[in-house]
Amino acid sequence: MLDIGIDKIGFYAPHLYLDMTKLAASRNVDPDKFTIGIGQEKMAVTPVTQDSVTLAANAAWEILDDADKETIDFVIFGTETGVDSSKSAAVYVHELLGLNPYARAIEVKQACYGATAGIQMAKGHIAMNPDSKVLVLGSDIARYGLNTPGEATQGAGAVALLISAEPNIMALEDQSVYFTADIMDFWRPVYSDKAFADGKLSNEQYIAFFSEIWSQYKAKSGLGLKDFEAITFHLPYTKMGKKALKPVLGETTEEVQERLKTNYQTSTEYNRSVGNIYTGSLYLSLLSLIEQANAFPAGSRIGMYSYGSGAVGEFFTGLLQNGYKEHLHIKQHDDLFASRKEVTVPEYETIFEETLPTDGSEVAFDVQDDPATICLAGVADHKRRYVNKKK
Ligand code: COA
């Protein structure tokens, strides 16, 4: 049987960040609430020269070689903060990366679940077309607003996954459980550039979906916690996955519990420093685990819990491949984190309010201040102007 899964993983976050203890001080909140209660240390801050398209394109740019660019025949862009109601963000990325024109390019939306739908679609496509490669993107800018309860859980970033046959990093298994229910826990009406959230309800539903899906998964697969090296979670903030995992840990031995807890902690490292990146969040957590933990034996099973408010949830699994560590971009990601620049709270507030004109007027940005390869250079004739400094 053909193995299909993740061949490469790229990641990009904006070059600016805010220290959560400083945000806490300015909001008159105990810093422990943000760093321990919510579990966030730094929040990515997005300059106006980045949007969900450029974040995704930058994440993909670092991993694709010329052969990939020729072979990719499907670009699937998961986002809930897209830039256009008609044209898909995938078409812009396809052009910015210089991909083979004989390709499909679409956008998928279901809150933070979109990239997971993309991965499952990619898997089906490759099963039918084993020589093809699919680029799946999860890219978002999480905005709740200044001085809102959601503010501490903002963030921005993108993950790019190259899905192929005989993958170098992880082979996806077929067993998966997915679940849908109409719930108003988080939404963003088309007139708003900030999300609305019923925070308590979203926490409850995230946990309830995990509990339901996990029970169903165990019944269908015959597997249990002991069969997992780690379980990674969609992380709107890093405490969230812990809240879902805790109630089921009693199903297994102390030793397995310790393993899952330790690996959970490692899987939150990148997310703690970036914040919520919506569609890419689960895959940033997976990346954090496999880049920051010592190498796991080939064949180790990793669980992935995807949750998109509204709501759709899915639990699926993958097996790490022999030598997977050699195919990761650990150095680039260390450098990305090390080169970020801290902004003050007033600077963050100014950047937050600096948005594109909504009255059709034109604007041009100096992209030299943004170290990213791919940037938004402005808007003219109601069209976004993108630049790839290296193309
Ligand atoms: N030291 C340590 N922990 C503290 C603390 C302190 N001084 N003060 C509060 N906390 C803890 C609370 O006990 C709570 O922990 P718990 O959830 O384990 O009980 C946690 O910090 C958060 O406190 P809470 O009062 O519930 O926060 P909040 O009402 O300000 O909102 C969210 C938190 C996540 C609901 C809010 O940020 C939000 O709406 N985010 C957007 C939606 C979202 O991310 N949903 C997730 C599911 S998709």
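Computation of the quantities below employed the complete heavy-atom set of this structure, encompassing side-chain atoms and omitting hydrogens, waters and symmetry-equivalent molecules. Remember, predicted model here, so these are calculated numbers, not experimental data. Position 1 is the first residue of the sequence; numbering continues from there.
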Could you point out which residue of Thr79, Asp140, Thr81, Thr116 forms a side-chain hydrogen bond (donor to acceptor under 3.5 Å, both in side chains) with Thr279? Asp140
OH (Tyr92) and CG (Asp51) are apart, to the nearest 0.5 Å, by 9.0 Å
Ser176 and Glu314: side-chain donor and acceptor closer than 3.5 Å? yes
More than 12 foreign heavy atoms under 6.0 Å from CG of Asp366: is that the case here? yes
Donor-acceptor contact present, side-chain Gln257 to main-chain Thr252, <3.5 Å: yes
Would you name the heavy atoms of Phe34 and Ala152 that are closest together and state the gap between them? CE2-CB, 3.5 Å
In this structure, are over 12 heavy atoms from other groups packed under 6.0 Å from Lys389 atom NZ? yes
In this structure, are over 12 heavy atoms from other groups packed under 6.0 Å from Lys194 atom NZ? yes
Within 45 degrees of the axis of the six-membered ring of Trp61 and under 6.0 Å from its centre: does Lys69 put its NZ or CZ there? yes
How many angstroms lie between atom CG of Leu96 and atom OG1 of Thr54, to the nearest 0.5 angstrom? 8.5 Å
Give a yes or no on whether the backbone of Ser281 and the side-chain of Ser285 come within a donor-acceptor separation of less than 3.5 Å. no
Write down the atom of Ala59, the atom of Ala158, and the distance for their closest heavy-atom approach. CB-O, 3.6 Å
Leu172 backbone acceptor or donor facing Asp3 side chain under 3.5 Å: no
Taking the inter-plane angle between the rings of Tyr283 and Phe316 on a 0 to 90° scale, is it parallel (under 30°), tilted (30 to 60°) or perpendicular (over 60°)? tilted
Is the Tyr206 ring parallel, tilted or perpendicular to the His234 ring (thresholds 30°, 60°)? tilted
For Lys325, I'd like to know if atom NZ has over 12 heavy atoms of other residues, nucleotides or ligands within 6.0 Å. yes
Identify the two heavy atoms, one from Ile9 and one from Ile63, that lie closest to each other, and give their separation to 0.1 Å. O-CG2, 3.5 Å
When rounded to the nearest 0.5 Å, the distance separating CG of Asp19 from OG of Ser273 is 10.0 Å
Enter the distance from Phe74:CZ to Ile106:CD1 here, rounded to the nearest 0.5 Å. 4.0 Å
Linked, directly or transitively: Ile277 and Leu18 (ILVMFWY side chains, under 4.5 Å): no
Please report whether the ring centroid of Tyr217 lies less than 6.0 Å from that of Tyr305. no
Take Ile126 and Ser132, measure what side-chain contact (heavy atoms from CB on, under 4.5 Å) needs, and give me the verdict at the end. CA-CA 6 Å; Ile126 291 165; Ser132 94; 3.9 Å; yes
May I ask you to say whether Arg384 pairs ionically with Glu95, meaning some side-chain N is under 4.0 Å from a carboxylate O? no
Just wondering, are more than 12 heavy atoms of other shown residues or ligands nearer than 6.0 Å to CG in Asn294? no
Any carboxylate oxygen within less than 4.0 angstrom of a Lys/Arg side-chain nitrogen, looking at Glu151 and Arg27? yes
Quick check for you: to the nearest 0.5 Å, what is the distance between Lys133 atom NZ and Asn100 atom CG? 12.5 Å
Can you name the closest pair of heavy atoms from Gln40 and Tyr237 and give their distance? OE1-CA, 3.3 Å
Under 3.5 Å, is there a donor-acceptor pair between the side chain of Arg104 and the main chain of Ile76? no
Here the pair of heavy atoms bringing Phe77 nearest to Val93 is CE1-CG2, 3.6 Å
Side-chain heavy atoms of Tyr324 within contact of Ile6, under 4.5 Å: no
For Trp214 and Phe210, take the angle between the two ring planes, folded into 0 to 90°, and tell me which bin it lands in: parallel under 30, tilted 30 to 60, perpendicular over 60. parallel
Step by step, work out the side-chain contact (heavy atoms from CB on, under 4.5 Å) result for Lys390 and Ile374. CA-CA 8 Å; Lys390 294 192 179 152; Ile374 297 166; over 6 Å; no
Applying the 4.5 Å side-chain criterion to the ILVMFWY set and letting contacts propagate, would Leu289 and Ile330 be lumped into a single cluster? yes
Between Glu258 and Lys261, is the closest basic N to carboxylate O distance under 4.0 Å? yes
Compute the centroid of each ring, for Tyr270 and then for Phe337, and state whether the two points are separated by less than 6.0 Å. yes
I'd like to know if Met170 and Leu162 are part of one continuous hydrophobic network [Ile/Leu/Val/Met/Phe/Trp/Tyr, side-chain heavy atoms within less than 4.5 Å]. no
Whether over 12 other heavy atoms sit under 6.0 Å from Lys246 NZ: no
Residue that, paired with Phe315, satisfies ring pair (Phe, Tyr, Trp, His ring centres under 6.0 Å) out of Tyr307, Phe228, Phe233, Phe179: Phe228
NZ/Lys218 to CG/Asp227 distance, rounded to the nearest 0.5 angstrom? 11.5 Å
Determine, step by step, whether Lys226 and Thr253 satisfy the side-chain contact (heavy atoms from CB on, under 4.5 Å) criterion, reporting the C-alpha distance in whole Å, the side-chain angles of both residues, the deciding distance to 0.1 Å, and the verdict. CA-CA 8 Å; Lys226 67 173 182 354; Thr253 61; over 6 Å; no
